[in-house]
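Since the structure comes first, as structure tokens, the remarks are kept for the end.
Naming: A, B, ... by sequence-line order, numbering from 1 per chain.
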Amino acid sequence: MKIERPRGTRDFLPDEMERRRAVERVMREIAESFGYREVSTPTFEHLELFTLKSGQGIVEEIYAFRDKSGRELALRPELTAPVMRMFVNECSVMPRPLRFYYLSNCFRYERPQKGRYREFWQFGVELIGSDRPESDAEVIMLAYRILKSLNVNFKLHVGHVGLLRDVLSDVSEKDRAMRLIDKKDWEGLRALLKEEGQADIFDTVIEISEASDVEKAREVYPDFDYSYLEVLFGILEEMDVRFVPDFGIARGLDYYTGVVFEMYAEGLGAQKQVCGGGSYRLSGLFGGEDVPSTGFAIGFDRVVQVCSVEILRKPKAVVVGFGDSIRAFRVAEMLRSAGIHAIVDVMGRNVKKQLSYADSIKADFAVFAGDELERGQVRIKNLRTQEQEDVSLKDLRGYFSGFLNSGS
RNA sequence: GCCCGGAUAGGGUAGUGGUCAUCCUCUGGGACUGUGGAUCCCAGGAGCCGGGUUCGAAUCCCGGUCCGGGCCCCA
């Protein structure tokens, strides 16, 4: 019987991998241009790392298991916790701020649907050590530049959880209230506030959630220090980062302390969020010093689905041999050192079949490695233009130089 | 975890309770051992899995698996 892929996993064929690598390259280059350096953490961690961060409830949503020694482990469902664990374990004396980026697969035990898989990839950054608005500005700008460079149609919402937390300060079930606000479940919220004898703040919460700028929010709720947001929004505006203030973005977990932001793309159905981020304080939870951090995670697979990216390929040549495979391999080596991809027949095919194969794999050149070699030459046929000429082995690099880096 | 819809060669499909099944594409070979794409010929390859109904099931029923859409969740 045939073995199928496990539910929620995917195979990536060469065309798709080329596209994914091209997207990946854009993300890496932009992050590196901001001074971020790549990190990588284990695929599995102690389960406790994730329950500390997200509560016992997540055990049902992740791949958790016991190893042969009885250790409780879990495949990572996200990367912020592992990176902060790494920071606490071995980076706490490095010069701050630290700028890390990552691109890794993560695993969640959930019902797969469009844009949601059980194994998926996250690209993200963490900027560790600053609690100033400049750090939020930098991280938001970075995410924004990445999605712009990939020609994604998206909207950026930026908010601050401190504002709603402040309004809700006398509500005992604050987390539940935040979840209701996040879902915009106003009826549920009204009921909760009534239960708690806080019905009078209901209108304030709604108006804050719907406030379109700082002035509006200040009118509704003056008892909050808006200067942090003013600095942040000022930077974003000056740097041409287009966003909508959205004070209704809520997070149920209390290590999110300040700025939060999300990006939504078109064309993804129900799973339209392609990026989420904000500032948080996690390192204390993991037994380290309480260090402020800011970061984001981009849903790599979703971005691949909706972005458009240029795919650069080197020219591809098929070496046509005439039964002498050593000669063919030698010529292929020379082509490779001239910077192009060289493919040799390993099927024992005749010349017509070799050319037919070259056509079917969309090769750019056919290089005949036959009797011309005795004169130190090969015959090169450009399969795009049909032109062919004999080229000296010494001039291969020169012949192909015009075709390199031309993209396709 | 819940609701809805699907599943026939690698990909796309046709059909019927009654000889182990259509066509396209694909893959390999040949016509054709120094020039491809076309054409022709040959070959390869399939009814998701398990159970039930039936003389007989790929077809009908049930369960499971996987896929798609939505809900829950979204750290």
Tell me: [atom1] of [X] to [atom2] of [N], nearest whole Å?
X: A:Asn350; N: B:U33; atom1: CG; atom2: P; result: 6 Å
X: A:Phe368; N: B:G34; atom1: CZ; atom2: P; result: 11 Å
X: A:Gln271; N: B:G69; atom1: CD; atom2: P; result: 9 Å
X: A:Lys352; N: B:U35; atom1: NZ; atom2: P; result: 5 Å
X: A:Arg384; N: B:G37; atom1: CZ; atom2: P; result: 16 Å
X: A:Phe322; N: B:U35; atom1: CZ; atom2: P; result: 8 Å
X: A:Glu60; N: B:C2; atom1: CD; atom2: P; result: 14 Å

Nucleotide forming a Watson-Crick or wobble pair with [N], both distances under 3.5 Å:
N: B:C60; answer: B:G52
N: B:C40; answer: B:G30
N: B:G45; answer: none
N: B:G1; answer: B:C71
N: B:U65; answer: B:A7

Have a look at [X] and say if it touches a base, only the backbone sugar-phosphate, or nothing, with a 4.0 Å heavy-atom cut-off.
X: A:Lys362; result: nothing
X: A:Tyr256; result: sugar-phosphate
X: A:Arg76; result: nothing
X: A:Gly8; result: sugar-phosphate
X: A:Tyr255; result: sugar-phosphate

Exercise. Give me the one residue out of A:Phe300, A:Tyr102, A:Phe12 that meets ring pair (Phe, Tyr, Trp, His ring centres under 6.0 Å) with A:Trp121.
Key: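 One option only clears the test, and that one is A:Phe12.
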Ring-face cation contact, [Y] with [X], 6.0 Å cut, 45° max:
X: A:Arg10; Y: A:Tyr117; answer: yes
X: A:Arg85; Y: A:Phe286; answer: no
X: A:Lys272; Y: A:Tyr264; answer: yes
X: A:Arg349; Y: A:Tyr357; answer: yes

Assert: residue with more 5' nearest nucleotide on RNA chain B, out of A:Asp182 and A:Arg118, is A:Arg118
Per nearest nucleotide of RNA chain B, the residue lying toward the 5' end, A:Glu262 or A:Glu372, is A:Glu372
When the [atom1] atoms of [N] and [M] are considered, how many whole Å apart are they?
N: B:U65; M: B:C48; atom1: C1'; value: 7 Å
N: B:G44; M: B:G68; atom1: P; value: 34 Å
N: B:G50; M: B:G37; atom1: C1'; value: 48 Å
N: B:C24; M: B:G45; atom1: C1'; value: 15 Å
N: B:C40; M: B:C32; atom1: C1'; value: 12 Å
N: B:A14; M: B:A58; atom1: C1'; value: 13 Å

Query raised in the report: Counting side-chain heavy atoms from C-beta on, which of B:C71, B:U35, B:C73 comes nearest to A:Glu110?
Result: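 My answer, after comparing the listed nucleotides, is B:C73.
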By nearest atom, which of the nucleotides B:C3, B:G34, B:C72 is closest to the A:Arg111 side chain?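 For A:Arg111, the side-chain atoms sit closest to B:C3.
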| message | Between A:Arg375 and A:Glu372 (salt bridge meaning N to carboxylate O under 4.0 Å), is one present in this structure? | response | no
Under 3.5 Å donor-acceptor pair, [X] side-chain atoms to [N] base atoms:
X: A:Arg10; N: B:C67; answer: no
X: A:Gln388; N: B:U35; answer: yes
X: A:Lys381; N: B:U35; answer: yes

query: Taking only N and O in the side chain of A:Arg5, is any of them less than 4.0 Å away from OP1 or OP2 of B:U65?
result: no
B:C67, OP1 or OP2 - any side-chain N/O from A:Lys114 closer than 4.0 Å? no
Checklist entry - Do the ring planes of A:His160 and A:Tyr228 sit parallel (below 30°), tilted (30 to 60°) or perpendicular (above 60°)? => result perpendicular
Worksheet item: Taking the inter-plane angle between the rings of A:Tyr36 and A:Phe34 on a 0 to 90° scale, is it parallel (under 30°), tilted (30 to 60°) or perpendicular (over 60°)?
Response: tilted
Pick out the pairs of N or O atoms, protein on one side and nucleotides 26-29 of chain B on the other, that lie under 3.5 Å.
| residue | atom | partner | partner atom | Å |
| --- | --- | --- | --- | --- |
| B:G28 | OP1 | A:Arg349 | NH2 | 2.8 |

Original post:
Strictly under 6.0 Å, is that where the ring centroids of A:Phe261 and A:Phe243 end up?
Top reply: no
Per the O4'-C1'-N9-C4 / O4'-C1'-N1-C2 angle with a 90° window around 0, B:G47 comes out syn
(Q) Is there a ring pair (Phe, Tyr, Trp, His ring centres under 6.0 Å) between A:Phe400 and A:Phe365? Walk through the geometry before answering. (A) CA-CA 10 Å; A:Phe400 288 114; A:Phe365 301 96; 4.9 Å; yes
